[in-house]
Q: 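First, the structure itself, so that you have it in front of you.
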Protein chains: 2
Amino acid sequence: MVPRSISNMERGTRVCQNAVMQRTRGRAPTGGRAGALSQELIVDAAVELLDERGERGLTFRLLAKHLHTGPGALYWHVTNKDVLVTLAADQVLGRALAAAPRSAEDAGSGLRALAIAVFDALDRHPWAAPHVNAPPTLENGLRLLDRIGTLVARTGLPAERHFTVSTAISYYITGVSAQIIVPCATLDATTSRDAFLDQTAARWEELDPADYPFLTSTAKDLRDHADRDQFITGLDMLLDGLNTTADPRPPA
Amino acid sequence: MVPRSISNMERGTRVCQNAVMQRTRGRAPTGGRAGALSQELIVDAAVELLDERGERGLTFRLLAKHLHTGPGALYWHVTNKDVLVTLAADQVLGRALAAAPRSAEDAGSGLRALAIAVFDALDRHPWAAPHVNAPPTLENGLRLLDRIGTLVARTGLPAERHFTVSTAISYYITGVSAQIIVPCATLDATTSRDAFLDQTAARWEELDPADYPFLTSTAKDLRDHADRDQFITGLDMLLDGLNTTADPRPPA
DNA sequence: ACCTGAACACCGTTCAAGT
DNA sequence: ACCTGAACACCGTTCAAGT
């Protein structure tokens, strides 16, 4: 009667991240009878629906229909919708990590490549970015931070700064990605990104230059900027700062 | 019959940010009969409720009760819930900007003080951070970016880089704040932040050091870190990077 | 152990009707 | 012009009942 998935759930409106980790403990998905549900199957289907229809478009009823069951069945495998979306986001992050190059000449370019790979993956699944949580508790969140930390340790930065610097980089990657990507995803079919930027730039130009000296002069730059370049610009500033701080002890 | 607030609304699940800007155009709030609604009153009450009960706890029914009306009345002044939360977040940002020191010796420390003031304000209203949108369209979002850009222009950085660098800093402030602040806000009363960090650190320690060399060695640092320090560490790296890039042309 | 589907409690939003 | 409140459409979640 008591679904396994909420056995150690926390009270409150949100669920403890630790509860999220648990997976089906019985036989592997293929071990049951054909067509049996599993958390993996549910998360896969959720990612598909999220890609198609966004977070609001993901519904337990719709998801159940896609999986040929009733909504109640899903709750046996997944605590609730929050957890489902978090698991789905972690899956997207996992794909990004698999695609990110593992070898790098130096720590700096390794961090750069890793960050860009994550940005690109989140860019393809815009609903995911805000749900990649920190501090990480899910598998791929943990892997991401570990890879960052391992690279940071190679810079020659004093050991007592590794944690703070690594988490700062991790926050940059997921936080700035979310900022850049989410607003684009909320634009609907009738308003293209270009049209939106055009409108916004026009509004900036109409502002009073006495009040908004910068925006009025930079409105033109808004029209044809590339989101990815903005991410990379900030990233390079951050990594430059890393080198500056690390400089006293150059990489071995 | 047609509420003013949706007169130029966009179609789709989300609303065009431009529609958000409009405010009551009639007489000033105090000009109507006593107790009359206005967008300002509604947003103020929304901020209060959001602080108390979070985004999910904000309900048009509850908000209407607090304002002694029915839910339908609110829709005359505010397009929908998304817009309301965005307006509320902009109000919070406005308070932060008012509190941020305006004078600064050099651009770098001005940027630092501004960023920290915004972080602190968002930290006091954790629901707000993810709704401070970029590129900005609401009043205080515009003011924030303009202040950043004006400071960046003083660094001696070549003019063609002002836009990208300024938006990168702006993304850092709001994006990283959201990453740091939101997970704390979702912890409920039964799980304190300390308990959560303790649990998470314990989980990190149990990981296989061969797979997670960094996390297993840094788990202790997770237990007693300060969120604000992480924000500032990354911020300083970013601003150091700014100096590096700007160095060829030292501030006049 | 795992699935079913009806039912509960709720919420955003609309709209005819009022003032 | 602005407000009222009932009603619509929907959704997350639960749970007694099945296999």
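In the text below, chain A, chain B and the rest are named by the order of the sequence lines, each starting its count at 1. All values reported here derive from a predicted model rather than from experimental measurement.
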Q: Hey, does the side chain of His77(A) come within less than 4.0 Å of dC3(C)'s phosphate (OP1/OP2), counting only N and O?
A: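 Checking dC3(C) against His77(A), a side-chain N or O does come within under 4.0 Å of OP1 or OP2.
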
Q: Considering only side-chain heavy atoms of Leu37(B), which listed nucleotide, dC3(D), dT13(C), dT13(D), is closest?
A: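 Comparing dC3(D), dT13(C), dT13(D) against the side chain of Leu37(B), the answer is dC3(D).
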
Q: Could you tell me how far apart Arg56(B) (CZ) and dC11(D) (C1') are, to the nearest whole angstrom?
A: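 Roughly 12 Å, once rounded to whole Å.
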
Q: Are any of the side-chain nitrogens in Asp120(B) or Arg228(B) under 4.0 Å away from the carboxylate oxygens of its partner?
A: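 Result for this pair is yes, salt bridge flagged.
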
Q: Using 4.0 Å as the upper bound for N to carboxylate O, is an ion pair formed by Glu205(B) and Arg223(B)?
A: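 Looking at Glu205(B) together with Arg223(B), the answer is yes, because their closest N to O distance falls below 4.0 Å.
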
Q: Applying salt bridge (Lys or Arg N to Asp or Glu O under 4.0 Å), run through Asp227(A) and Arg193(A) and close with a yes or a no.
A: CA-CA 11 Å; Asp227(A) 294 334; Arg193(A) 197 189 91 102; 2.9 Å; yes

Q: Report the distance from atom CH2 of Trp76(A) to atom P of dG5(C), rounded to the nearest whole Å.
A: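 After rounding, the reported distance stands at 18 Å.
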
Q: Just checking Phe119(A) against Tyr172(A), ring centres under 6.0 Å apart?
A: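 That pair fails the under 6.0 Å test.
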
Q: What pattern of brackets, bars and dots sums up DNA chain C from 5' to 3', given Watson-Crick or G-U wobble pairs under 3.5 Å, [ ] for crossing pairs and | for another strand?
A: ||.|||||...|||||.||

Q: Round to the nearest Å and state the distance from Ile42(B) atom CD1 to dG12(C) atom C1'.
A: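 So the two atoms are 15 Å apart, to the nearest Å.
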
Q: Rounded to the nearest Å, what distance is computed from the CZ atom of residue Phe60(B) to the P atom of nucleotide dT4(D)?
A: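 Going from CZ in Phe60(B) over to P in dT4(D) covers 15 Å.
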
Q: Quick check: on DNA chain C, is the nucleotide nearest Arg61(A) upstream (toward 5') of the one nearest Ala73(A), or the reverse? Name the residue that is more 5'.
A: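 In this pair, the answer is Ala73(A).
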
Q: Rounded to whole angstrom units, what separation is found between the CG atom of Leu49(B) and the P atom of dG12(C)?
A: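 These atoms are roughly 11 Å apart.
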
Q: Determine the contact category for Leu58(A): base if any of its heavy atoms lies under 4.0 Å from a base atom, sugar-phosphate if only primed atoms, P, OP1 or OP2 are that close, otherwise nothing.
A: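 Since only primed, P, OP1 and OP2 atoms lie under 4.0 Å of Leu58(A), the category is sugar-phosphate.
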
Q: Round to a whole Å and report the spacing from CG of Leu67(A) to P of dG5(C).
A: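 So the two atoms are 14 Å apart, to the nearest Å.
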
Q: Is there a donor-acceptor pair closer than 3.5 Å between any side-chain N or O of Gln39(A) and the backbone N or O of His77(A)?
A: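 Checked: pair present.
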
Q: Look only at the side chain of Asp146(B) and the backbone of Leu215(A), and say whether a donor-acceptor pair between them is shorter than 3.5 Å.
A: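 Confirmed, Asp146(B) side chain pairs with Leu215(A) backbone.
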
Q: Could you check how far CZ of Arg53(A) sits from P of dC10(D), rounded to whole Å?
A: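 Distance check: Arg53(A) CZ to dC10(D) P gives 12 Å.
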
Q: Determine whether the aromatic ring centres of Phe60(B) and Tyr75(B) lie less than 6.0 Å apart.
A: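 That pair passes the under 6.0 Å test.
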
Q: In whole Å, what is the span from the CG atom of Asn80(A) to the P atom of dT14(D)?
A: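 Computing the Asn80(A):CG to dT14(D):P distance gives 8 Å.
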
Q: Would you please confirm or rule out a distance under 4.0 Å between OP1 or OP2 of dC3(D) and any side-chain N or O of Thr69(B)?
A: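 Looking at the OP1 and OP2 atoms of dC3(D), neither is under 4.0 Å from any side-chain N or O of Thr69(B).
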
